[in-house]
Amino acid sequence: EGGSFTGAERKGRPGKIELAQGGTLFLDEIGDMPYEVQAVLLRVLENHQVMRIGSDKYIDVEFRLIAATNQDLQELVRNRLFREDLYDRLSALKVIIPPLRERDQDVILLAEQFIRDYCDKMKWQIPLLSQSAKHLLLHYDWPGNVRQLQKSIIYAVTTFHGDRIEPQDFPDDVYLGYGEKCATMVGASLSPITENPLKEAEVGAICTALRSTSNDVTAAAKLLKMGRSTLYKKIKKFGIVLPVK
């Protein structure tokens, strides 16, 4: 209410729940809500009323509530960090969104859409993703999920040279993280890129040799019984990225 505390607006101000009247209130990171505040939210959900700071009157509210979290709320309930009665209220309908690393069929579609969106915004020509870049997108773990993918794509589109986006055009954390994983793969499947079993076997053999020699190309070439320069050509051809030592 107006004048309820120093600095309060003269006419007062409605809170977020009051503003959601007749619509939808979205609470992100609900698992981080302080325990004592959870009780306040639970009362609102049970009574359908809120009271402004400095007021002595309740305001009736009706709204749809959607909450999101990346935490295990049931585990928080067991550890007494989240109220069980509030969890029961919120979990009437649960939608579990798998992490991006478990939705590899979406990665390339999202990446290409982000490229189109950003290039359209900047009025740039839309570049293509090389096969090696697609391999990176499909095999990197994406701990930051879609937001990380989007920012990585914008970085690559902004910094790439040539006619295609290559693995080295991505941010260092993505590029090197992919390189470390690729260098330790054993018989990794490249089916999203190619259905050539001979190529898959060759890439698997190269990655196995690199892993067993701690990414020493000379030693790996000896294991594979091929010249060092030949191995370097194959590493480049197949888009195998070595981690920087």
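Just so you know, residue 1 is the first one in the sequence shown, and it goes up from there. Every value quoted in this text rests on a predicted model; they were computed, and no experiment measured them.
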Exercise for the section: Give a yes or no on whether Q125 atom CD has more than 12 heavy-atom contacts from other residues, nucleotides or ligands under 6.0 Å away. Expected result: no
Handout entry: R101 side chain vs P143 backbone, donor-acceptor pair below 3.5 Å
Key = no
Problem - K237 to S132 - nearest heavy-atom pair and separation - result: O-OG, 4.5 Å
Practice task
State plainly whether one hydrophobic cluster holds both Y155 and V174, where clusters connect Ile, Leu, Val, Met, Phe, Trp and Tyr through side-chain heavy atoms under 4.5 angstrom apart.
Solution key: no
Exercise for the section: Output the distance between atom NZ (K94) and atom CG (L73), rounded to the nearest 0.5 Å. Expected result: 8.5 Å
Problem - Contact check, side chains of L137 and W142, non-hydrogen atoms, under 4.5 Å - result: yes
Exercise for the section: Could you tell me whether the side chain of F82 reaches within less than 4.5 Å of the side chain of T69, counting heavy atoms only? Expected result: no
Practice task
Please step through side-chain contact (heavy atoms from CB on, under 4.5 Å) for the pair Y140 and Q148, ending with a clear verdict.
Solution key: CA-CA 11 Å; Y140 182 67; Q148 184 188 16; 3.2 Å; yes
Practice task
Give the ring-plane orientation class for H139 versus H135, where under 30° counts as parallel, over 60° as perpendicular and anything between as tilted.
Solution key: parallel
Fill in the blank from the handout: Tightest non-hydrogen contact, residues L136 and Y175, listed as CD1-CA, 4.3 Å
Handout entry: Sidechain-backbone polar pair: D72 side chain, Q74 backbone, donor-acceptor under 3.5 Å
Key = yes
Problem - Joint cluster assignment, V40 & F63, ILVMFWY side-chain distance < 4.5 Å - result: no
Handout entry: Inter-residue atom distance M226.CE - K222.NZ, 0.5 Å rounding
Key = 14.5 Å
Exercise for the section: Tell me, with the steps shown, if L41 and V37 meet side-chain contact (heavy atoms from CB on, under 4.5 Å). Expected result: CA-CA 6 Å; L41 176 60; V37 179; 5.7 Å; no
Problem - Any donor-acceptor N or O pair under 3.5 Å, side chains R116, Q113 - result: yes
Practice task
Of all the heavy-atom pairs spanning A67 and F26, show the shortest one and how long it is.
Solution key: C-CE1, 4.4 Å
Exercise for the section: Taking atom types as modelled, find out whether T24 and R64 have a side-chain donor-acceptor pair closer than 3.5 angstrom. Expected result: yes
Handout entry: Beyond-backbone contact of Y87 with I30, side-chain heavy atoms, under 4.5 angstrom
Key = no
Handout entry: Path from L86 to Y35 over hydrophobic side-chain contacts below 4.5 Å
Key = no
Practice task
Please indicate whether I97 has more than 12 foreign heavy atoms, meaning atoms of other residues, nucleotides or ligands, lying under 6.0 Å from its CD1.
Solution key: no
Problem - Linked, directly or transitively: I153 and I108 (ILVMFWY side chains, under 4.5 Å) - result: yes
Handout entry: Interatomic spacing from CG in L25 to CG in L19 - rounded to 0.5 Å
Key = 9.5 Å
Problem - Donor-acceptor under 3.5 Å (D169 side chain, E166 main chain) - result: yes
Problem - Interatomic distance, L76 atom CG to Q38 atom CD [nearest 0.5 angstrom] - result: 8.5 Å
Handout entry: Verdict with reasoning, L27 to I66, per side-chain contact (heavy atoms from CB on, under 4.5 Å)
Key = CA-CA 6 Å; L27 298 179; I66 299 175; over 6 Å; no
Problem - Cluster check I126, W124: I/L/V/M/F/W/Y, side chain < 4.5 angstrom - result: yes
Exercise for the section: For D216 and T218, indicate whether the former's side chain and the latter's backbone hold a donor-acceptor pair under 3.5 Å. Expected result: yes
Completion exercise
Nearest heavy-atom contact between V61 and Q49 is CG2-N, 3.9 Å
Problem - Note, C119 side chain near V157 side chain (heavy atom, < 4.5 Å) - result: yes
Practice task
Would you give the length of the straight line joining atom CG of L110 to atom CG of L100, rounded to the nearest 0.5 angstrom?
Solution key: 6.5 Å
Completion exercise
Contacts of R13 meeting side chain to side chain donor-acceptor pair (under 3.5 Å) (sequence neighbours excluded), chain-then-number -> E9
Exercise for the section: Evaluate the side-chain contact (heavy atoms from CB on, under 4.5 Å) criterion for residues E1 and I53: first the C-alpha distance (whole Å), next the side-chain angles of each, then the deciding distance (0.1 Å), finally the verdict. Expected result: CA-CA 6 Å; E1 293 289 354; I53 295 173; over 6 Å; no
Problem - Carboxylate-amine/guanidinium contact E75 R78, below 4.0 Å - result: yes
Problem - Close side-chain approach of F170 and T159, heavy atoms under 4.5 Å - result: no
Exercise for the section: Hey, could you give me the CG/CG distance between L231 and L210, rounded to the nearest 0.5 Å? Expected result: 6.0 Å
Handout entry: Within-4.5 Å side-chain heavy-atom neighbours: S55 and S4
Key = no
Handout entry: Sub-4.5 Å side-chain heavy-atom contact between M51 and K57
Key = no
Fill in the blank from the handout: Of all heavy-atom pairs linking T213 and A219, the shortest is CG2-CB, 3.7 Å
Exercise for the section: Decide yes or no for V44 and I17: does some side-chain heavy atom of the first lie under 4.5 Å from some side-chain heavy atom of the second? Expected result: yes
Handout entry: Shortest non-hydrogen separation from L149 to A111 and the atoms involved
Key = CD2-N, 4.2 Å
